[in-house]
There are 2 protein chains.
Amino acid sequence: MGRPAKFTREQLQEAALALIDADGLSGLTMRALAARLETGAMTLYNYVSQREELEMLVVEAVLGKVRWVPDGHLPWYEELEGIAITLWRVIRDHPHVIPLILTKRSRSPAVFEVTEALLRTLAQSGRSGARLLVGFRAVSALIMGAAQAELAGPLTLQADESPDDTIARFQALPPDRFPHLIEIATAATASDAETEFRASLSLLIDGLRADAAPQA
Amino acid sequence: MGRPAKFTREQLQEAALALIDADGLSGLTMRALAARLETGAMTLYNYVSQREELEMLVVEAVLGKVRWVPDGHLPWYEELEGIAITLWRVIRDHPHVIPLILTKRSRSPAVFEVTEALLRTLAQSGRSGARLLVGFRAVSALIMGAAQAELAGPLTLQADESPDDTIARFQALPPDRFPHLIEIATAATASDAETEFRASLSLLIDGLRADAAPQA
DNA sequence: ACCTGAACACCGTTCAAGT
DNA sequence: ACCTGAACACCGTTCAAGT
């Protein structure tokens, strides 16, 4: 429990997140974090038993930023859309943290809260048990997958290069072998990530509505 | 080009993937890979300019395992399902590589091939341009997001612990605050990842079919 | 209890030298 | 051209000692 303690957990989280946002994932080292807090590296081990625990703190810090007010007037599918987009935006604000979010098992209350809110909304579609689980898996997979799709991933369209360079790269591909790849690369230059995510989410929500149980 | 060269690219890929499969992502180090190939660490730099390039080779090795034969008789949505499940299985066979797949921009032909195949099938739903892009984003986000959902991620159900321990952990949560979380945790113990993925994918495909243009 | 420096066993990579 | 050992500048973490 508390006693003096030189730093708070929040200070660690804030400093660690700032390092990652500024310098990427590799910018977070025990030594760099200690330096930023103007202390020695070993001091951190008074707060965290391993580097990995630090990474969990960062995940928690990001997901804890989700602020979302339920609106009982909306139909479940509109409310679901709102939660999903909120989550997507928060994650996307901290792109370098995404690998950690996808990788570290977080057991923080903040994560439980937002998950329960999403499930509560989804349950209003008449789902329970295994069907609720599947709906949840689909929505969270879409959010997580989409959050880093244009960031990286195997099928990245925009790289370090300029948008023009990207499209040029795809148009340099043999058009008889990769016609559709060239087509969507072109379409991507006239689009943006949030628009694409919203439209993708709509497709899934259409499927969820078609499969919903009749409302009480 | 070729000259003698002590190793082939395939040998590097195979050895690197074997290290990751066996020891996790942290098992792949320049030194460990060199040792496995019975050479010095610096020899690797004759094949690869950075460690990151090695990681791209590994991504390529995994995605190159996708073998899928098109079946012209199937309707597009069944063919799409087949490709998606094939991709999901290949990725899931190498769980430790997932962070790399999600993170490294791969420009290998193998990745282009499977992407084009997926797009070709999706285009048969009557989509083109921006709509084709959105459909593609949705399907790939679902695959990528689902591939590591139960592996890790913020809402992980099975951890290092046994399934029974997992459900016990969730049932220890306050049931008035997290009723649905407890509900799906229970449902998850009677389920498996592939079943959940197939059902999630069906929801999305339903949405894609509802929004398809009339066939020619 | 909390703090911390020295030290250890690792990393990736540069440099310089070999064939 | 391809190979390679020594060396450098980093890591995370153990240990031991301080208050």
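Naming convention: chains lettered A, B, ... in sequence-line order (proteins, then strands); numbering from 1 in each chain.
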- Message: According to salt bridge (Lys or Arg N to Asp or Glu O under 4.0 Å), who are the partners of B:Glu10, at least two apart in sequence or on a separate chain?
- Response: none
- List in numerical order all residues of residues 12-28 of chain B for which some heavy atom is under 4.0 Å away from an atom belonging to DNA chain D. none
- Message: Check this one for me: any side-chain N or O of B:Thr39 less than 4.0 Å away from OP1 or OP2 of D:dC3?
- Response: no
- Item | Interatomic distance, B:Gln11 CD vs D:dC2 P [rounded to whole Å] | 15 Å
- Message: Measuring from atom CD1 of B:Ile101 to atom CG of B:Leu63, what distance do you get when rounded to the nearest 0.5 angstrom?
- Response: 5.0 Å
- Item | A:Thr186: side chain to side chain contact (heavy atoms under 4.5 Å, CB included) partners, not counting sequence neighbours | A:Ile167, A:Gln171, A:Ile182
- So what does the secondary structure string of DNA chain D come out as, 5' to 3', with Watson-Crick or wobble pairs under 3.5 angstrom, [ ] for crossing and | for pairs with another strand? ||.|||||...|||||.||
- Task: For B:Glu116, enumerate each residue passing the salt bridge (Lys or Arg N to Asp or Glu O under 4.0 Å) test, keeping only those at least two apart in sequence or located in another chain.
- Result: none
- Residues two or more places apart in sequence or in another chain: which of them pass salt bridge (Lys or Arg N to Asp or Glu O under 4.0 Å) with A:Glu183? none
- Note on the structure: For B:Val48, the side chain to side chain contact (heavy atoms under 4.5 Å, CB included) test, sequence neighbours excluded, returns B:Met30, B:Glu53, B:Leu54, B:Leu57
- Note on the structure: With sequence neighbours left out, the residues meeting side chain to side chain contact (heavy atoms under 4.5 Å, CB included) with A:Glu79 are A:Trp68, A:Pro70, A:Asp71, A:Leu74, A:Thr121
- Item | Rounded interatomic separation in angstrom, taking CE from A:Met30 and C1' from C:dC10 | 16 Å
- Task: Tell me, please, which residues at least two apart from A:Ile85 pass side chain to side chain contact (heavy atoms under 4.5 Å, CB included).
- Result: A:Glu81, A:Arg89, A:Glu194, A:Phe197, A:Arg198, A:Leu201
- Message: Using a 4.0 Å cut-off on heavy atoms, which residues in residues 40-57 of chain B reach DNA chain C? List them by number, or say none.
- Response: B:Met42, B:Tyr45, B:Gln50, B:Arg51
- Task: Hey, could you give me each pair passing salt bridge (Lys or Arg N to Asp or Glu O under 4.0 Å) that has a residue in residues 33-52 of chain A? Not counting sequence neighbours.
- Result: A:Arg51-A:Glu55, A:Glu52-A:Lys104
- Message: Strictly by side chain to side chain donor-acceptor pair (under 3.5 Å), give each pair with a member in residues 15-31 of chain A just once, sequence neighbours left out.
- Response: A:Asp21-A:His94
- Is the phosphate of C:dA1, meaning OP1 or OP2, less than 4.0 Å from a side-chain N or O of A:Lys6? no
